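To start, the structure under review is shown below, and the notes come after it.
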Number of protein chains: 2
Amino acid sequence: MRAEAQRLFAQHGFAAVSMRQIASAVGVQAGALYNYTTDKQSLLFDLLRSHMEDLLAARETVPEMAPLDALEQFTRFHIRFHLERTEAVFISYMELRNLTPDNFEIIEDLRGQYEDQLETILHRGVEAGVFSVPDPKIATLGLIAMLTGVNTWYRSKGRLSLDQVETIYWDMVRKAVAA
Amino acid sequence: MRAEAQRLFAQHGFAAVSMRQIASAVGVQAGALYNYTTDKQSLLFDLLRSHMEDLLAARETVPEMAPLDALEQFTRFHIRFHLERTEAVFISYMELRNLTPDNFEIIEDLRGQYEDQLETILHRGVEAGVFSVPDPKIATLGLIAMLTGVNTWYRSKGRLSLDQVETIYWDMVRKAVAA
DNA sequence: GTCTATAATCCGATAGAC
DNA sequence: GTCTATCGGATTATAGAC
């Protein structure tokens with residue numbers, strides 16, 4: 001059910017998808033869905049929360065890694081992880097406004113935890129003198145926006161391989177924060 | 001009507017907003033709206049098209065400008081223009097999937113015209129030897145994603161002025177494509 | 001645990017009075 | 001040009017049979 005809901009939400013948007021459509025995609029009647037979710041809202045919330053928890057769980061932080069290496073690892077990880085889950089990423093950015101305030105706050109907190117990992121790398125690089133970043137918080141948001149933007153155009157059948165894309169973006173990231 | 005529709009679409013999403021809600025915000029009954037739009041779809045399309053046309057009309061291209069100056073002008077223009085129209089920008093990115101295929105194609109073409117302006121600047125800079133960009137098309141998409149991302153966090157009451165934000169982003173853009 | 005049926009409400013769009 | 005009323009259908013969520 002969650003897989004079909006994710007697919008439909010990504011394609012048409014949360015508000016535009018009915019419980020009947022989800023049920024039809026699963027192969028049951030609408031009433032049966034309510035054995036697996038209390039309502040449509042918590043179905044959306046569960047998708048967003050598990051996506052953010054997957055993201056945090058997949059990151060391997062190595063505190064003793066040199067800032068430049070840590071930044072390259074983060075860059076490549078971010079691109080790869082997000083390109084492998086285009087539907088979940090799409091929903092996680094588009095449907096935030098359809099969360100209740102309580103649920104929104106939880107998702108925003110998880111997102112903040114992820115952003116803090118990049119910000120910490122930038123701070124360490126500045127302290128070490130290998131990065132020049134006038135405002136690490138804004139640089140964090142700017143770089144993540146740039147990297148996540150890959151999802152809007154990348155197609156696996158396209159002219160560039162995943163590794164080529166990672167390398168092109170790493171080139172820009174590296175230079176953007178270089179001392 | 002268009003102003004209220006834009007506000008409501010940005011807040012709740014196209015599919016979640018009813019013609020009755022728009023009418024109520026305007027101060028008329030739902031039937032009266034159909035004297036100003038043929039249907040809900042073309043109301044959305046008109047908002048997106050006029051936003052893109054405003055964007056293209058506001059750009060002043062100066063062909064003989066040095067690539068570095070042209071890039072700075074583009075960067076500052078993009079940030080300022082988009083921060084002044086957060087609702088239109090939001091809708092233009094979120095509601096593309098609610099356009100009919102014909103309407104979608106028109107909007108995508110306008111967006112392509114805008115992206116081409118940045119790509120041309122990058123090409124000229126590479127030819128002049130002042131930029132090092134392995135793939136100008138991808139660099140264009142990456143930089144625009146980074147710059148547009150300002151809209152997700154900037155608040156005019158926040159700790160940074162518009163000019164400070166422009167300068168921070170210009171620093172990253174300049175270095176990201178530097179030779 | 002899935003079904004059918006239904007409650008209560010809302011939707012986009014139109015018709016016709018004024 | 002705005003109103004009221006309405007058509008035909010959609011919605012979420014629940015109740016109760018099996």
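Bear in mind that the values here come from a model prediction, so they are computed numbers and not experimental data. In what follows, every chain begins at residue 1, and chains take the letters A, B, ... in the order their sequences are listed.
Recorded end-axis angle for the helix from dG1(C)-dC18(D) to dC18(C)-dG1(D) stands at 0°, based on five pairs per end and rounded to 10 degrees.
At whole-Å resolution of the value, NZ in Lys40(B) and C1' in dC10(C) are 12 Å apart. Rounded to an integer number of Å, the gap from Gln41(B) CD to dA13(C) C1' is 15 Å. Atom-to-atom, CD of Gln29(B) to P of dA17(C) comes out at 19 Å; the value is rounded to the nearest Å. The distance between atom CE of Met1(A) and atom C1' of dG1(C), rounded to the nearest whole Å, is 13 Å.
A salt bridge links Glu72(A) with Arg76(A); the closest basic N to acidic carboxylate O contact falls under 4.0 Å.
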Would you mind writing out the side-chain donor-acceptor pairs for residues 168-179 of chain B within the sub-3.5 Å range, not counting sequence neighbours?
{"from": "Tyr169(B)", "atom 1": "OH", "to": "Trp153(B)", "atom 2": "NE1", "distance (Å)": "3.2"}
{"from": "Asp171(B)", "atom 1": "OD1", "to": "Arg174(B)", "atom 2": "NH2", "distance (Å)": "2.6"}
{"from": "Lys175(B)", "atom 1": "NZ", "to": "Ser132(A)", "atom 2": "O", "distance (Å)": "2.9"}
{"from": "Lys175(B)", "atom 1": "NZ", "to": "Ala176(A)", "atom 2": "O", "distance (Å)": "3.3"}
{"from": "Lys175(B)", "atom 1": "NZ", "to": "Ala178(A)", "atom 2": "O", "distance (Å)": "2.8"}

Output a table of donor-acceptor pairs, distance under 3.5 Å, between side-chain atoms of residues 6-14 of chain B and any protein atom two or more places apart or on a different chain; print 'none' if there are none.
{"from": "Arg7(B)", "atom 1": "NE", "to": "Glu4(B)", "atom 2": "OE1", "distance (Å)": "3.1"}
{"from": "Arg7(B)", "atom 1": "NH2", "to": "Glu4(B)", "atom 2": "OE1", "distance (Å)": "2.8"}

Contacts under 3.5 angstrom, residues 142-149 of chain A side chains, donor-acceptor by atom type, not counting sequence neighbours:
{"from": "Thr148(A)", "atom 1": "OG1", "to": "His78(A)", "atom 2": "NE2", "distance (Å)": "2.8"}
{"from": "Thr148(A)", "atom 1": "OG1", "to": "Ile144(A)", "atom 2": "O", "distance (Å)": "2.8"}

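Listed by chain and residue number, nothing satisfies the salt bridge (Lys or Arg N to Asp or Glu O under 4.0 Å) test with Arg124(A) (two or more places apart in sequence, or in another chain). Residues passing the side-chain hydrogen bond (donor to acceptor under 3.5 Å, both in side chains) test with Ser92(B), sequence neighbours excluded: none.
Only Val17(B), Ser18(B), Met19(B), Arg20(B), listed by number, bring a heavy atom of residues 12-26 of chain B to less than 4.0 angstrom from any atom of DNA chain C. Interface residues of residues 31-39 of chain B facing DNA chain C, ordered by number: Gly31(B), Tyr34(B), Asp39(B); criterion, heavy-atom separation under 4.0 Å.
Residue pairs meeting the salt bridge (charged side-chain N to carboxylate O under 4.0 Å, His left out) criterion with at least one partner in residues 90-102 of chain B, sequence neighbours excluded, are Glu95(A)-Arg97(B), Arg97(A)-Glu95(B). Screening residues 134-157 of chain B for salt bridge (charged side-chain N to carboxylate O under 4.0 Å, His left out) gives Arg159(A)-Asp135(B), Glu115(B)-Lys137(B), Glu119(B)-Lys137(B) as the qualifying pairs, with residues at least two apart or on separate chains. Applying the ring-ring contact (aromatic ring centres under 6.0 Å, His included) test to residues at least two apart or on different chains, none of the pairs has a partner in residues 25-50 of chain B. The stretch residues 42-52 of chain B participates, sequence neighbours left out, in these side-chain hydrogen bond (donor to acceptor under 3.5 Å, both in side chains) pairs: Arg2(B)-Ser50(B), Thr37(B)-Ser42(B), Thr38(B)-Ser42(B), Asp39(B)-Ser42(B), Asp46(B)-Arg49(B).
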